[in-house]
Chemist: 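Starting off with a structure, shown below.
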Amino acid sequence: MAAPRTFRELWDWVLGRDEPRPPDPDRTVEAGWVPMWQSRMITDELVAQGIPAVVTDDYSINPMMTTREPMARIFVMEDRKDEAVEIITELLGHEPRRRDI
């Protein structure tokens, strides 16, 4: 939604009931948060299947409760995210984790 024009539109926006926007092919989103040793293999497979993907290392100096190994984030274009998550799920055998920033 652009700018709310009526009180009803404003109220829907405040409550989060506005229309979801369609996937934007120019926007990059995270497809998964995986161990670093798996990230290159997954990214290569996504590219081989025709889905542009990049990987970034997600280093942390402090050990975290969620992981004890170096992790990486895989990013894809927003309109291809569902396909990418499906391929990653097939490779891993489970849904890829996500990490909120």
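This structure is a prediction, so every number in the text was calculated from the model and none was measured.
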Chemist: How would you list, by chain and number, every residue that makes a side chain to side chain donor-acceptor pair (under 3.5 Å) with E78, sequence neighbours excluded?
Modeler: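 Side chain to side chain donor-acceptor pair (under 3.5 Å) check on E78 returns R21, R27.
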Chemist: CD of E45 to CD of E90: how many Å apart, nearest 0.5 Å?
Modeler: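 Taking CD in E45 and CD in E90, the distance rounds to 9.0 Å.
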Chemist: So that I can tick it off, tell me whether R80 and D26 are bridged by a salt bridge, with the cut-off set at under 4.0 angstrom between side-chain N and carboxylate O.
Modeler: no
Chemist: Can you give me the closest heavy-atom contact between I87 and I51, atom names plus distance?
Modeler: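 Heavy atoms only, the tightest pair is CD1-CD1, 3.7 Å.
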Chemist: Looking at W33 and M71, what are the two nearest heavy atoms and their distance?
Modeler: NE1-CB, 3.4 Å
Chemist: Less than 4.5 Å apart, any side-chain heavy atom of V55 and any of R40?
Modeler: yes
Chemist: Take V29 and F75, measure what side chain to side chain contact (heavy atoms under 4.5 Å, CB included) needs, and give me the verdict at the end.
Modeler: CA-CA 5 Å; V29 294; F75 291 95; 5.9 Å; no
Chemist: Kindly compute the distance separating CZ (R97) from CG (L92), expressed to the nearest 0.5 Å.
Modeler: 10.0 Å
Chemist: Could you measure the distance from the OG atom of S39 to the CZ atom of R73? Nearest 0.5 Å is fine.
Modeler: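 Spacing of OG (S39) from CZ (R73) equals 12.5 Å.
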Chemist: Is it the case that one hydrophobic cluster holds both V47 and M41, taking links as side-chain heavy atoms less than 4.5 Å apart, direct or via other members?
Modeler: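 No: no chain of side-chain contacts under 4.5 Å links V47 to M41.
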Chemist: Hydrophobic clustering (ILVMFWY, side-chain heavy atoms < 4.5 Å, transitive) - are V34 and V85 grouped together?
Modeler: no
Chemist: Specify the closest pair of heavy atoms between P96 and T89, including all atoms of both residues, with the distance to one decimal.
Modeler: CD-OG1, 3.6 Å
Chemist: How close do V76 and K81 get, counting heavy atoms only, and between which atoms?
Modeler: CG2-CA, 3.8 Å
Chemist: A side-chain contact here means heavy atoms from C-beta on lying under 4.5 Å apart; do P25 and M77 qualify?
Modeler: no
Chemist: How close do T43 and A53 get, heavy atom to heavy atom, and via which atoms?
Modeler: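 T43 and A53 have their closest heavy atoms at CG2-O, 3.6 Å.
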